[in-house]
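Note sheet for the following structure.
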Amino acid sequence: MRPLQLSLFGSSSPKAQAAAEGVRVDADRRPEGAPFRGPAAGEGRAPSLPRLVPPPPPKAQADLAARLSTLLREPASVELTDNVWTMVSYRRLAGRLHFRLHHMFQGAEDAVLRAVAQFTGKARKAAGHAIDEYIRRHRHLIKPKPGQSEPELTAKGSVHDLRDIYERLNADHFGGQVTARIGWGRRAPGRRRRSIKMGVYFHERKLIKLHPALDDARVPLFFVELVVFHEMLHQVVPPSLDAAGRRSVHGPAFRKAERAFPDYARARAWEKANLDLLLSKKQ
């Protein structure tokens with residue numbers, strides 16, 4: 001099956017832009033659905049923050065379920081959550097689509113709910129763009145629950161040491177000016193992926209995470225270096241507005257700087273030739 005998304009490198013779509021900002025990370029694919037994710041696990045302890053909204057009333061969930069049922073033309077149920085990691089997920093059980101939606105979707109306009117409905121079918125790629133953009137605009141509502149902490153990240157893998165790579169790239173290419181934490185992401189259940197996000201940079205937290213599938217002896221160092229370089233570059237070349245007033249994460253200045261990486265062409269060629277290897281790894 002052709003992957004929906006090859007990697008973070010070849011796209012300037014709203015979904016890829018949102019991911020580069022930390023709105024979305026790797027999807028933990030489920031048998032009957034694919035969740036959208038918000039900020040992922042980082043290192044350290046998150047500050048205790050109050051809930052932004054009270055627990056959603058049953059009527060809000062029922063109203064969303066009714067709207068989705070109308071759009072889908074089949075029964076649907078909705079559970080609103082304060083989940084920090086997963087913004088949207090769905091499963092089909094007993095002839096009904098069961099959605100778990102972050103409470104930010106209580107006020108979603110019809111176009112967004114239509115995208116949520118369409119994501120369960122063949123139009124999932126286009127729908128994903130709209131959903132990720134909505135999540136990006138409402139990411140201020142994604143807050144840790146009081147007392148909730150984030151698991152620590154590990155930079156030293158079994159093959160590649162991300163801290164060593166980061167420090168070397170920082171000295172050689174950025175004059176030591178990049179200040180960010182870096183580590184490997186969490187390992188998901190062993191299922192074959194349909195897409196993979198190589199890395200992600202969270203602007204507000206100055207945090208870089210790489211997919212654990214890259215910590216493999218078959219993945220060359222020069223490719224891991226390009227992924228780390230790409231994420232570090234987000235701090236040096238932050239998002240900007242293009243001529244049409246649209247927010248651009250991977251604009252011309254970013255792409256020019258990325259292509260200046262010494263092993264850029266070789267790393268891109270390796271990625272293209274070995275994508276199946278990365279998608280087939282169960283971790």
**Study point:** Sequence-distant partners of Phe222, ring pair (Phe, Tyr, Trp, His ring centres under 6.0 Å), two or more places apart
**Key:** none
Point to revise | Non-neighbouring partners of Tyr166 that pass ring pair (Phe, Tyr, Trp, His ring centres under 6.0 Å), sequence neighbours left out | key: none
Exercise for review: Would you please name every residue forming a side-chain contact (heavy atoms from CB on, under 4.5 Å) with Arg73, sequence neighbours left out?
Suggested key: none
**Study point:** Any donor-acceptor pair under 3.5 Å from Thr120 side chain to Val116 backbone
**Key:** no
**Study point:** His173 and Pro262, any side-chain heavy atoms less than 4.5 Å apart
**Key:** yes
Point to revise | Asp161: partners by salt bridge (Lys or Arg N to Asp or Glu O under 4.0 Å), with sequence neighbours left out | key: Lys156
Study note, to complete from the structure: Ala60 and Gln106 have their tightest heavy-atom pair at CB-OE1, 3.6 Å
Exercise for review: Could you walk me through whether His230 and Tyr201 pass the ring pair (Phe, Tyr, Trp, His ring centres under 6.0 Å) test, one step at a time?
Suggested key: CA-CA 9 Å; His230 177 105; Tyr201 174 66; over 10 Å; no
Exercise for review: Would you mind reporting whether Ile182 and Arg163 have side-chain heavy atoms less than 4.5 Å apart?
Suggested key: yes
Study note, to complete from the structure: Across all chains, not counting sequence neighbours, the salt bridge (Lys or Arg N to Asp or Glu O under 4.0 Å) partners of Lys206 are none
Review point. Tell me, do Leu226 and Tyr264 make a side-chain contact under 4.5 Å, heavy atoms counted?
Key: yes
Check your understanding: Minimum heavy-atom separation for Ala76 to Ser69, with atom names?
Key -> N-OG, 3.0 Å
Check your understanding: Considering all heavy atoms of both residues, which atom of Leu141 and which atom of His102 are nearest to each other, and what is their separation?
Key -> O-CE1, 3.5 Å
Practice item. For Ala180 and Gln235, work out which heavy atoms get closest and say how close. Key: CB-NE2, 3.9 Å
Check your understanding: Hey, are the side chains of His250 and His234 touching, using non-hydrogen atoms and a 4.5 Å cut-off?
Key -> yes
Review point. Once you round to the nearest 0.5 Å, how far does CZ of Arg168 lie from CG of Leu221?
Key: 5.5 Å
Exercise for review: Decide yes or no for Phe202 and Val200: does some side-chain heavy atom of the first lie under 4.5 Å from some side-chain heavy atom of the second?
Suggested key: yes
Review point. Taking only residues two or more places apart in sequence or in another chain, which ones pass ring pair (Phe, Tyr, Trp, His ring centres under 6.0 Å) with Trp270?
Key: Phe223
Point to revise | Glu225 side, atom CD; Asp172 side, atom CG - distance, nearest 0.5 Å | key: 9.0 Å
Exercise for review: Quick one: list whatever passes side-chain hydrogen bond (donor to acceptor under 3.5 Å, both in side chains) with Arg137, sequence neighbours left out.
Suggested key: none
Check your understanding: Considering only heavy atoms from C-beta outward, does the side chain of Met232 approach that of Asn170 to under 4.5 Å?
Key -> yes
Check your understanding: How close do Asp215 and Val159 get, heavy atom to heavy atom, and via which atoms?
Key -> OD1-N, 2.9 Å
Point to revise | Point-to-point distance, once rounded to the nearest 0.5 Å, from NZ of Lys256 to CG of Leu233 | key: 12.5 Å
Review point. Nearest 0.5 Å, what's the CG-CZ distance between Leu72 and Arg114?
Key: 11.5 Å
Practice item. Measure from the side-chain N and O atoms of His160 to the backbone N and O of Val219, and report whether any donor-acceptor pair falls under 3.5 Å. Key: yes
Study note, to complete from the structure: Residue pairs passing the salt bridge (Lys or Arg N to Asp or Glu O under 4.0 Å) test with at least one member in residues 60-69, sequence neighbours excluded, are Lys59-Asp63, Arg67-Asp110
Exercise for review: Return the set of residues passing side-chain hydrogen bond (donor to acceptor under 3.5 Å, both in side chains) with Ser77 (not counting sequence neighbours), or none when no residue passes.
Suggested key: His98
Practice item. Using the test side-chain hydrogen bond (donor to acceptor under 3.5 Å, both in side chains), find all partners of Asp263 that sit at least two apart in sequence or belong to another chain. Key: Arg266
Study note, to complete from the structure: Residues Leu68 and Leu113: closest non-hydrogen pair is CD2-O, 3.6 Å
Point to revise | Residues which pass ring pair (Phe, Tyr, Trp, His ring centres under 6.0 Å) with Phe105, listed by chain and number, not counting sequence neighbours | key: Tyr134
Check your understanding: Charged N to carboxylate O under 4.0 angstrom, Asp132 versus Arg136?
Key -> no
Point to revise | Value rounded to 0.5 Å, distance of CG in Leu97 from CD in Glu74 | key: 4.5 Å
Check your understanding: Taking the side chain from Trp184 and the backbone from Ala155, do they hold a donor-acceptor pair closer than 3.5 Å?
Key -> yes
Check your understanding: Who passes side-chain hydrogen bond (donor to acceptor under 3.5 Å, both in side chains) against Glu79, sequence neighbours left out?
Key -> Arg100
Check your understanding: Just wondering, do Arg181 and Leu153 contact through their side chains at under 4.5 Å, heavy atoms?
Key -> no
